[in-house]
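The structure displayed is predicted, hence computed values, not measured ones.
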Amino acid sequence: MPFCSIRRTKTVAVRAGAQPNGPRMTVKIARRAQQQKIEPNIDAVTANLQTLERTSREPSPAEFGQNAFTSWWDALPARYRVVVACAASFVICNMDKVNMSVAIIPMAMDFGWSPSVSGIVQSSFFYGYMLCQLPGGIMSSRFGGRKVLPAGVALWSLATMGVPLLASTIPGLCFSRAAVGLGEAVAPSAATDMVARCVPAHERSRAVSFIFGGLHVGSILGLLAAPPLISNFGWEMVFFSFGALGLVWCLWFEQQLSALAKQQPEVAASLVGNMTAPSSPEEDAGHSGGHGGVIDASSPIPWRAFLRSRAVQALMYTHFCNNWFHYTMLAWLPTYFTDTLSVDLMHAAQTALLPPLAGIAASAAAGPLADTLISKGLPLSTVRKLAQCTAFLVPSALLLAACHPYVVDSTVLTVAAITASLGISSFSLAGLYCTHQDMSPKYASAMLGLTNTIGAVPGILGVATVGLLFDATSSWELALFVPSAAFMITGAAAYTLYGRNDPTDFDNLDNSPFAWEQRLPRLPWAAKKEE
């Protein structure tokens, strides 16, 4: 039979259902079925191997850093997370405060401002800052710093972003800078309220030093970041980027507090409403070195009792002296360095970074040192007064030494004396700034608002006074150094003689109207209220 006939016959046989080579065909079909069953198992094994490879490989540096930070953050006690969040807000606070000191130079060139106009623009911040100190303390006492702080950060961040939009008019620009001051004014009282609510007394010095030390970090970051942003993108980008950073912090803060409410609801609940402030071991033993008390957000604030208290009066003057030194020195340092050390503006600005760096070092030492002394049994009042006298008397001695001709003729000694004086003054964080919470955690934020209102006055009057004294004497030593030293010496005396750190029940002190209030005209709504 021809070959073609045989092939046709086999094809027909297969179509008819015949099984040519039966056993061989059966083996092939069986192998195919076995392969189909094995293939899914092979895919599963491959997936497992890929997963094992991903988990066993070395993490990238970015992944390792992220995992390390997450592990560190999750391991932190809840109160420390609150402290770190407050410190981060203070970093942004001073970044938005010092950005104008750098941006004012190109802004003045663009708009043709005179030095007097530039001075008005820069001082407008302190009008808002002083105006909202008392309201900030009241709101922190009423609603809790946990609610007030993010609202303040959001306000000053939006106002910062509004500066380029309103810079074409002086009133609009001053309004935006005053709004920045309004927002930043509530930050100290809000942070003080949160510390008083969730941090015990024997850890408070460290917490306050860490939070307020963020101001030094903010000054450094602001002075470092602003110049390259201006040179590459224009002065407008400084305000847009710094303001956006504050809004990011608000979102992050709310996220952290929401997580905290789920993980440790008792700590989250302590930040709002009424609760008993955490006590130190000394308080539990019946000693007077702590700050235990009930924080009642609904009780009226005894302002007249504050003003009648000799200890609060001393605290107000101490705050005034502290801020006179800081505001006048930081405002005039670049001009002083340029005028006396014969350096250009860039090098003067770089030299001005040294005091904040020294402040960070001093802040890192002041808080732990004070807490250690308290934990070893040294009376709380003694520790606070030692810290405050160190913050005032040592810088005073350095400033007076800087007036000596031997130091004046040496650039290195002059810069070292000024840097050390501003750095050591950060010991106030373990003295002045802890006293409000020592005396009354219930009214700590309101009391800080009161003393900080007086402390904001040098931002308006002190800077101008230094300029007037320099015009009259032509001496930086008499205009800048001597007044600061005089205020700090008298401030140290007032705090030592009249200051106190024992818990004070202001609710039981005299809160009746002053005699001069009786002579004031009666307000219509006040008369209706009494009726």
Indicate the atoms forming the closest heavy-atom contact of [X] with [Y], along with that distance.
X	Y	answer
I211	A191	CG2-CB, 4.2 Å
I424	L398	CD1-CD1, 4.3 Å
A366	F427	CB-CD2, 3.7 Å
A485	S396	O-OG, 3.5 Å
G449	S189	N-OG, 3.6 Å
S140	D193	O-OD1, 3.5 Å

Which residues pass the side chain to side chain contact (heavy atoms under 4.5 Å, CB included) test with [X], not counting sequence neighbours?
X	result
I138	R142, I301, W303
Y127	S123, I460
P106	I230, W235
P77	R79, Y80

Residue pair [X] / [Y], side-chain heavy-atom distance below 4.5 Å:
X	Y	value
Q256	L260	no
L469	T465	yes
P356	I360	no
Q313	L307	no
S176	L173	yes
F210	S363	no
D110	M107	no
V82	R197	no

Under 3.5 Å: donor-acceptor pair, side chain of [X], backbone of [Y]:
X	Y	value
T419	A416	no
W324	M488	no
D371	R206	yes
S421	I418	yes

Value rounded to 0.5 Å, distance of [atom1] in [X] from [atom2] in [Y]:
X	Y	atom1	atom2	value
S209	Y433	OG	OH	11.5 Å
S425	L432	OG	CG	11.0 Å
L182	L131	CG	CG	6.0 Å
F325	M329	CZ	CE	5.0 Å
M237	N232	CE	CG	10.0 Å
N452	Q133	CG	CD	4.0 Å

task = Verify whether the ring centers belonging to F320 and F487 lie closer than 6.0 Å.
result = yes
key: Residues T192 and H436: side-chain donor-acceptor under 3.5 angstrom   = no
request  = Could you list the residues that satisfy salt bridge (charged side-chain N to carboxylate O under 4.0 Å, His left out) with E236, not counting sequence neighbours?
outcome  = none
request  = Only counting residues at least two apart or in another chain, list the ones meeting salt bridge (charged side-chain N to carboxylate O under 4.0 Å, His left out) with R146.
outcome  = E254
Restricting to ring pair (Phe, Tyr, Trp, His ring centres under 6.0 Å), what partner residues turn up for [X], sequence neighbours left out?
X	value
F470	W476
Y327	F126
F239	none

ask   = Does the pair F212 and S426 meet the rule for a side-chain contact (heavy atoms from CB on, under 4.5 Å), with working shown?
value = CA-CA 9 Å; F212 282 84; S426 295; over 6 Å; no
task = Report the C-alpha separation of H319 and L448 in whole Å, then their side-chain angles, then the decisive distance to 0.1 Å, and conclude whether the side-chain contact (heavy atoms from CB on, under 4.5 Å) test is met.
result = CA-CA 9 Å; H319 211 146; L448 180 60; 3.8 Å; yes
query = Can you check side-chain contact (heavy atoms from CB on, under 4.5 Å) on I170 and W113, steps first, answer last?
reply = CA-CA 10 Å; I170 296 299; W113 294 338; 3.4 Å; yes
query = Is there any salt bridge (Lys or Arg N to Asp or Glu O under 4.0 Å) pair reaching into residues 408-426, and which pairs are they, with sequence neighbours excluded?
reply = none
Kindly list each side-chain donor-acceptor pair under 3.5 angstrom involving residues 219-229, sequence neighbours excluded, with atom names and distances?
residue	atom	partner	partner atom	Å
S219	OG	N94	ND2	2.7
S219	OG	L215	O	3.1

ask   = Under the side-chain contact (heavy atoms from CB on, under 4.5 Å) criterion, do V91 and W249 qualify, and how do the steps go?
value = CA-CA 11 Å; V91 172; W249 179 92; over 6 Å; no
Could you give the side-chain donor-acceptor pairs of residues 148-162 under 3.5 Å, partners two or more places apart or in another chain?
residue	atom	partner	partner atom	Å
W156	NE1	D96	OD2	2.8
S157	OG	V153	O	2.7
T160	OG1	W156	O	2.7

